[in-house]
Amino acid sequence: MRTTVLEYDLSKIVELARQGKRLDGRGLEEARDFTLELGMCKNAESSARIRLGETEVIAGIKMGVDKPYPDNPDEGAISCGAELLALAHSEYEAGPPSLDEIEVARVVDRGIRESKAIDFKKLCITEGEACWIAFMDFYAINSSGNLFDAGSIAGLAAFLTAKIPKLDENNKIIKNEYQGKLELKRLPLLTTFVKIGGQIMVDPTYLEEKASEARFSVATTDDGLMSAMQKGPGSFTLEEVNKMIDLGFKIADERRKKLLKEIK
Amino acid sequence: MRTTVLEYDLSKIVELARQGKRLDGRGLEEARDFTLELGMCKNAESSARIRLGETEVIAGIKMGVDKPYPDNPDEGAISCGAELLALAHSEYEAGPPSLDEIEVARVVDRGIRESKAIDFKKLCITEGEACWIAFMDFYAINSSGNLFDAGSIAGLAAFLTAKIPKLDENNKIIKNEYQGKLELKRLPLLTTFVKIGGQIMVDPTYLEEKASEARFSVATTDDGLMSAMQKGPGSFTLEEVNKMIDLGFKIADERRKKLLKEIK
Amino acid sequence: MRTTVLEYDLSKIVELARQGKRLDGRGLEEARDFTLELGMCKNAESSARIRLGETEVIAGIKMGVDKPYPDNPDEGAISCGAELLALAHSEYEAGPPSLDEIEVARVVDRGIRESKAIDFKKLCITEGEACWIAFMDFYAINSSGNLFDAGSIAGLAAFLTAKIPKLDENNKIIKNEYQGKLELKRLPLLTTFVKIGGQIMVDPTYLEEKASEARFSVATTDDGLMSAMQKGPGSFTLEEVNKMIDLGFKIADERRKKLLKEIK
Amino acid sequence: MSGKVKENMPDYKKDKKRVDGRKMDELRPLSIKVGVIPNADGSAYLEWGQNKVYAAVYGPREALPKHTQNPLKANIKVTYRMTTFSVPERKQPRPNRRDMEISKVLGEALDKAVFTEQFPNTEISVFVEVIDSNAGSRVACLTAASCALADAGIPMKDMVAATGVGKAFGELVVDLDKAEEDAPDAVDIPFGILPNTKEIVLLQMDGLLKKSEWAEIAKLGYAACEKIYEIQKKALTDKYQLSEVSQNQIVDKSTPKKVEKDSVKTKKESKEKAKKVKK
Amino acid sequence: MSGKVKENMPDYKKDKKRVDGRKMDELRPLSIKVGVIPNADGSAYLEWGQNKVYAAVYGPREALPKHTQNPLKANIKVTYRMTTFSVPERKQPRPNRRDMEISKVLGEALDKAVFTEQFPNTEISVFVEVIDSNAGSRVACLTAASCALADAGIPMKDMVAATGVGKAFGELVVDLDKAEEDAPDAVDIPFGILPNTKEIVLLQMDGLLKKSEWAEIAKLGYAACEKIYEIQKKALTDKYQLSEVSQNQIVDKSTPKKVEKDSVKTKKESKEKAKKVKK
Amino acid sequence: MSGKVKENMPDYKKDKKRVDGRKMDELRPLSIKVGVIPNADGSAYLEWGQNKVYAAVYGPREALPKHTQNPLKANIKVTYRMTTFSVPERKQPRPNRRDMEISKVLGEALDKAVFTEQFPNTEISVFVEVIDSNAGSRVACLTAASCALADAGIPMKDMVAATGVGKAFGELVVDLDKAEEDAPDAVDIPFGILPNTKEIVLLQMDGLLKKSEWAEIAKLGYAACEKIYEIQKKALTDKYQLSEVSQNQIVDKSTPKKVEKDSVKTKKESKEKAKKVKK
C-alpha cells in the first residue's frame, strides 16, 4: 500500500477534535449530506448510486435461482459483497479481498440480515428445489471515508427497489420481465463513529478515519431496534457506546427519511 | 522474469529490418518452415507436435462429456488453453496463467470458434442432458517466437484428427473405442506479423518479438474468410493492416496445404 | 521462513551422532515415549491428541456423505489432510499448503490406504448414489520433530475410534446418533528415521531433522506387511534401508501395543 | 454468438434501419464527463447507450515491485473490471480471463497515446469499471480512459477514440448493441485510433468476415471515431473552459512537456501535496 | 439464526433456568492452562464448555515484508482458524471470510491491551486454533490469547477478558451456547473488556435487540468478564507461583518496562537463544 | 489400486509372461535423446513404453527471491507437471498435490547427484513435463532430468537411474505398466539410484508387501537401473560423440570442476552469452 496521507493533516485533525471542531467545519454529531440516484444499471434488478460527501458508492442487486440449503429447504438467501475498487483511492489495490473489504461487507450484511427485514421464506420458489438468492454487491467509486454507512444506505436502497424476475415453468429467469418486488419488514441503517482526541464524531472522512483512535458502527431500524454492532480498532467506555447508540438511532432516522423520500 | 536478451541483438535486428533484412536471412514476407508429427500421445483423442523453426509446440485434445449450458441445451462446446511452460524459455515461470498465456489461448480459440468450423450442435449427445466438450490444450516446449501461429497450426491439426469416443448407455466414455471423428467445415489458421523499424514482417522469432514496435495476427480460412484479428502492442496504419491481411491469406493457404498433406 | 536454529546445536548433534549419542540422551534406536488422549472434540466423529516427546498433534475425523466416484460406484473413500499450524513453530507460516504439509499428509494417507485396512466397499451406502467419506485431518500443535509418526499414530487412533453417524431416509446425517464404528482389518503405523553423521536413528527431534543428511519412513502392519515407504532428502545404502525396515517393524509393534492399550 | 435462428429475424437490407431505430453508421447516444472521481489524478464517467463506465488514473507513480520498472518509459497498466450486476447473468466477483485479455489490449492501445518516455520507472495505473453494459464495454472503457489520462494532465500524443464496428443482419454497422452481437452473421470489431495520425491502436475481431467487407468497415470505423473524438474533446473543454490547456497538451507535440505539466498542475495543486512520485 | 419454530421451545422466563441448567448470568465451566506449547514464546490452552482452543504467541519479531513495519509500534497480528472437525459439519480447510473478520477484530481488541509502542517495526504474531466449538469460540480465543501474551512476557496494560452476552428464549443471558444462539429471538454480543479500566475492546452484535435491553446486557457482560479475569489471573499464577511477575507486569503500568522484560526473561532464558528480534 | 476383481485375471506364476508379453525383469522399450530444447541449458526427451516426457534444465542461476538463497549450495528445484491430455481422463491444468509431492521427491533425488556446493546462492531449475503416460511417469522424468542436467554441463557425482519395481498378479516385476499397477495385489515402488555408489536416492512405495519380498525386489531394481544407466550414457555419447566430456564429467569426481565446466562450455558458447549467473 502506498501511503499518501500527510502527518500534518492528521495532527491538525486531532488538535481540532480536542476543540470540538472538524477539518470540514462540521459539528461532531453532524453527518454529511447525501444524494441518491436509482436504477441506472439496467442489467441489475436494482441499482443505487450514493454520494455521501465525496464518498461515492454504487450498489446493485442480481436475483439468482439456486437450490435451497438442505438445512433450510423452504428458504432463500441474501448475500452482500463489497469491493473497495482501486479506482476509488490511491491506497487501494486490485487483488483478492482485503480484510477491510470483508469486514465492511459482513457488517452491512449483518445489519440487514439480522434485522429480519427480509423474510427468507418468501424467497423460496419450490421447497427443497429452488429458491431466490438476492446478491447485493456494492463498490467504492470514490473513497472519502465511511464506506460502512455509504454501503449501508446504498444497499438498503437497492434492496428496497429490487424487482423479482418472472420465471418460466423450469424456474429459469425470463429476461426483462418481473413478477414483483422484494419486501422489507423494517429498514436497518448503519451509523458509524470514530473517536479522535477523546471526542466521538459521526460519519468520518478518510483522513478522520486515519486519525482516529477507535471506530464503532451500529445498525438501527425504524421500529427502534438494533440489528448489528461492530467495534473496529481501539476502545470505548460504556458511556461512549451508549452515546453512539443514541446518536445512531437519531441519524439513521434522518437518513431513512431522506432515503424514503428519494424512493417514494 | 529474468531477462537474457541482448540489447546488441535487438538493435541489430532493427537496423537490418530498415534494410529489409532479417537476422536469420529470411525475407520479410517469408514464414519459417514447419514440421508436424501426429498422434504420439495415446491417452489423447488426438495430438500434434509442431516445430516452426525452433519453436516447438504440442497440442492435444481430450473429449469430455458434460451437461449443456442451459442457454444452449442442444449444443456442445470447445475450449482452448495454452501453457507457456517454464521448460520452453528461461524467461517463463511456472505459476498462474500469465497475460501472454491467456491472450494466445483466447486468440487461437477465437480463430477456430468464430470460423464456425465446428458445428456445436453436432457435439450434442442428448438435448439438455449431455454434450461433448472438446478440450484442446497446447504447450510451448521450446519458445522461439510466434506461439500464436504455432499454436494455431497445432490446434487445427489436433481438431482435424480428433476421435470421438464411444459411449455406454449411461453416456460414460468407453476407453479406447471410438465412434468417429470431429468434423470441420473450414480450416482457419492464424498468421502473425510484427513491425520493426517500420517494416512489416511475418512469423517473428523470439528476438524479433522483443525488438518489435507492434504485433498483429489474423485468422483466415480456406474459403476466403477472416475469423479473427488481434492487434498486440503498438500501432499500425490502415495500409499496413490491409497488407497483413493479404499476406495472411497467402501464408495461411501455404501452411494449410502443407498441413493437409501431413494429415492426408 | 524465519530461521531460529543454532548452527552450534546442529554441529553438536552431528558430532554426538558420530559417537552413537543423541542430544536428549536417547539411544539411536530408541523412540520417544508418547501419551494419547481420545475423544476430546465432541463435534468430531473421533479425535486423538498425541504427545510424542514435545511434539503434539491433534487428529480428528468427520464423516461425510457424498456421491461415489463413477469408477467405483460401490465404494466410499478416505481422505487424509495435514496442517503444520503456525501455532506449532516459529518457522511455520499460515498460508497455502506447503510441500512439507502435502508430503506428510500423503505419506500418512498411503500408509493407511495401501494397507487395505479399511474396506472401501463397507463405506458404500447406496450403490452409485451415496457413500461415506472419512475425512481425517491432523494438526501440528507443537512441532518438535517427526510429524510423520505423530500424525500416523494420531491418525490411526482416530480411525480406530471413529463412529459412523445414523442417517435418515434421505441419507442425511442425524446429529449425535451413531450406527456403529469404522472397522480396520489391520493396523499400519509409520516409523521414521534420519541419518546423521552416517548413523541411522529413529524418531528424530526437530533439530535432528535439521541436522540430518537423509530421511526415511516405512509403514508396517500388525500382520507383518509393509504398506508404504518414503525417502525424503538424501540417500541410503540398501543395507541401511533394510535395517530401517527391520527396526520399523519392531518399533511399530511397540507403539501399536501401547496404542491399543489406550484405546482398549 | 449463439447462432440461434429466431422467428422474425431483422433484415437490415430490407428494413433500412436497425433494431433500435438507428442508421447503419449511427452511434448510440454518448456522453462523457471528466473529473468525476475526486481522489483520482484524472477520471471520467461515460454513458454510451446502456453502457456505463468509470475510468480513473493514478500516477505516474513509482512502479512496484521494483523489477517491473522500465528505465526507458512508464508502464501503462490497465485494470478492466465489471461489477457483478453489470451483465444480465450475475458475474462472479473475481476477474476472469476475458477481463485479463481486455486489460492487456486496452493497455497496449493507450501506451501509444501517452509520452511514456517522459516518466521512466513509473507506472500509470488506469482503472476502468463497467457498471452497466450492452455490447461495446471495452471500447467505452478505452474512450473513457483516454479522457481520464488527459484529465490527469499526463502528456499525450493524442487521445484514443474507439468504437465497435462490424456486421449484423446483413449490413455493415457501427457500434453494435447486444442484439446485433447475437445476430447469426454478427461480426464485432473493437476498433480504436489516434485521430491525429489515423494510427490503429485497438483492433480485434470476432465473427466471420469477407475480406472485401473489411475496407468498408474500416471506413465506417474512422468516421465514427472522429465523432467520438469530438465528444471527448468537448468533455475536456467543458471542464477546463477557461484555458485550452488540455487541448494543447494533447494535440501539440512540440510544446515542452514541463510547461504542460505545470499548467495542468495549477488545477490540482491541493492534490499534488499528497502525491508520491515526482519527476 | 435459522428462526425455525420448534415444538417444546424453552421459555426462560417460565423455566427460570437455561437449557443446560445454568442460571441466566452463569458461565459455562472455564479452565485455562498457560505455557502448553513449548515452541511458542507464550501459549495457552482453554476449555470453556465444549469450546477448546489453543493460543500461541511468537514475537515480537521483525515485521515482514518490510513495508508492513510501523516505526511507532508493533503490529498485533491475530490468525483465527478452526480445525475441520471442530464444527458439526466438516469445515473446509482453507480460511473463510468469517475466519478473516474474526482475526481482524481479535487483533484490534488485543492491540489496546499491549504496550505496542515499546516494540516498533515488529510483529507480535498470535495464532488461535479452535479444535472444538459450541458458540463463543471467538471470545474463548481472545481470552486465551490474552493469557498467551502475558505468558510470553510481553508488557501489557491489562489482559482482555471476553464473553458472549445477549438474549435467548425471552431472557438476557451470558455465555450463549449453540442452542441459545439458534433461538428465534437470539441476540449474540461478543463482548470484551480491559477489566482494569472497563474499556470495551471487543463489541459486535448479531440479532435484534431493544435499546433498553442493551444497558442490562452490558452490566451482565462486565460482571461475567470479572469472573473470567480471575480465572485468567489464576492460570498465570498457577504457572508462575514463585513470583508475581506476571501479575505485576499486567496491572502495574508504572513499572519501568525494562525491568519487567528482564524479570520475565529469567524464566525463558533457554528460549531466548533462539529468538531473532531483540530490542 | 481399485482392487476390482476381473474375469480372466492374469496369473503371472502360471502365465510365465506379463500382460504385454514381457519377462518379469524386462523393461519396456526406453529411448532418450538429449539436447532437444534449444533454449534450455540442458534438455532431454524420453520415451519409455507409452510414457513420453521432456526435461529441461535452466541454471545455475541466481536463486530468487533472495531469501531462498543458500550460501552453501545450489537449490535443485524440480517442477513436475502433466499435460491435460497425458492421462485417460483430462487432467485439470493447475498442479495438484500429487504433482507437488513428486516435484519434491524428484528434487531430493537429484540433489544427491549434483555437486551443488559448487554453486552457492543459485537455483538449478529442472522442469519435467509428461505428455503421455502409462504408469511410471515419475521415474521416467527422473531418468530424463538426469540426462538434461548432464547435457547442461552441470558437474555431477553421477546420474540418477530410476525405474518402478514391485509386484503384480503374483510375481515380482520391474517397470509396472498401468494394468499391473491396477492389479489387486499391486505393489509399486519408484526406485532410483546413483549407479556408481549404489546409493538409493528415490524410494517410495504403494501397496502391501511382505518383508521377505523386498530383498528380491531391490535386487531387480538395481539390475534394471544398470540397464537404464547404459541407455542414459549412450544418449549423452550420441550427442557428444567427438569427446568424452560428459562421461568424464559424470564419473570422474577427481577432475577439477573448472576444467569440466570449460570443456562443456565450448559446446554451448552461443548460449553462454545470454546466461546470467556466472561463477
Select one option (side chain, backbone, both, neither) describing which atoms of D/Val201 are under 4.5 Å from chain B's heavy atoms.
both
Distance check, rounded to the nearest 0.5 Å: D/Glu101 atom CD versus B/Leu99 atom CG?
10.0 Å
Full working for side-chain contact (heavy atoms from CB on, under 4.5 Å) between B/Phe236 and D/Leu203:
CA-CA 10 Å; B/Phe236 293 98; D/Leu203 184 56; over 6 Å; no
Looking at side-chain heavy atoms only, is the closest gap between D/Leu208 and B/Met226 below 4.5 Å?
no
Should D/Lys104 and B/Arg106 count as side-chain neighbours, where that means a heavy-atom distance under 4.5 Å?
no
Report, as yes or no, whether the 6.0 Å neighbourhood of atom CD on D/Glu89 holds more than 12 heavy atoms from other residues, nucleotides or ligands.
no
Please round to the nearest 0.5 Å and tell me the distance separating atom CG of B/Leu225 and atom CG of D/Leu209.
8.0 Å
Counting heavy atoms not belonging to D/Lys219, are there more than 12 under 6.0 Å from its NZ?
no
What residue, out of B/Val107, B/Asp223, B/Thr220, B/Ile102, has the most heavy-atom pairs lying under 4.5 Å from chain D?
B/Ile102
Atom group of D/Ile189 that falls short of 4.5 Å from chain B, counting heavy atoms
side chain
Could you look at B/Phe249 and say if it's the side chain, the backbone, both or neither that has a heavy atom under 4.5 Å from chain D?
side chain
Is it true that, when you exclude D/Lys77 itself, more than 12 heavy atoms of the residues, nucleotides or ligands shown sit nearer than 6.0 Å to its NZ?
no
With a 4.5 Å cut-off on side-chain heavy atoms, are D/Gln204 and B/Met229 touching?
no
Given a strict heavy-atom distance threshold of 4.5 Å, which part of B/Asp246 is in contact with chain D: side chain, backbone, both, or neither?
both
Can you give me the closest heavy-atom contact between B/Ser235 and D/Lys112, atom names plus distance?
OG-CE, 3.2 Å
For the residue pair B/Lys231 and D/Leu202, what are the closest heavy atoms and their distance?
CE-N, 3.6 Å
Ranking D/Glu108, D/Glu199, D/Met100 by heavy-atom pairs under 4.5 Å to chain B gives rank one to D/Glu108
In short, D/Arg97 meets B/Ala105 closest at the heavy-atom pair NH2-CB, 3.4 Å
When you look at CD of B/Glu183, are more than 12 heavy atoms from neighbouring residues, nucleotides or ligands closer to it than 6.0 Å?
no
With a 4.5 Å limit on heavy-atom distance, are the side chains of D/Asp206 and B/Arg110 in contact?
yes
Given side chains that start at C-beta, do those of B/Leu238 and D/Tyr222 come closer than 4.5 Å, heavy atoms only?
yes
Can you tell if the side chain of D/Val105 reaches within under 4.5 Å of the side chain of B/Gln230, non-hydrogen atoms only?
yes
Given the options B/Gly224, B/Gly234, B/Gly111, B/Pro188, which has more heavy-atom pairs under 4.5 Å with chain D than any of the others?
B/Gly234
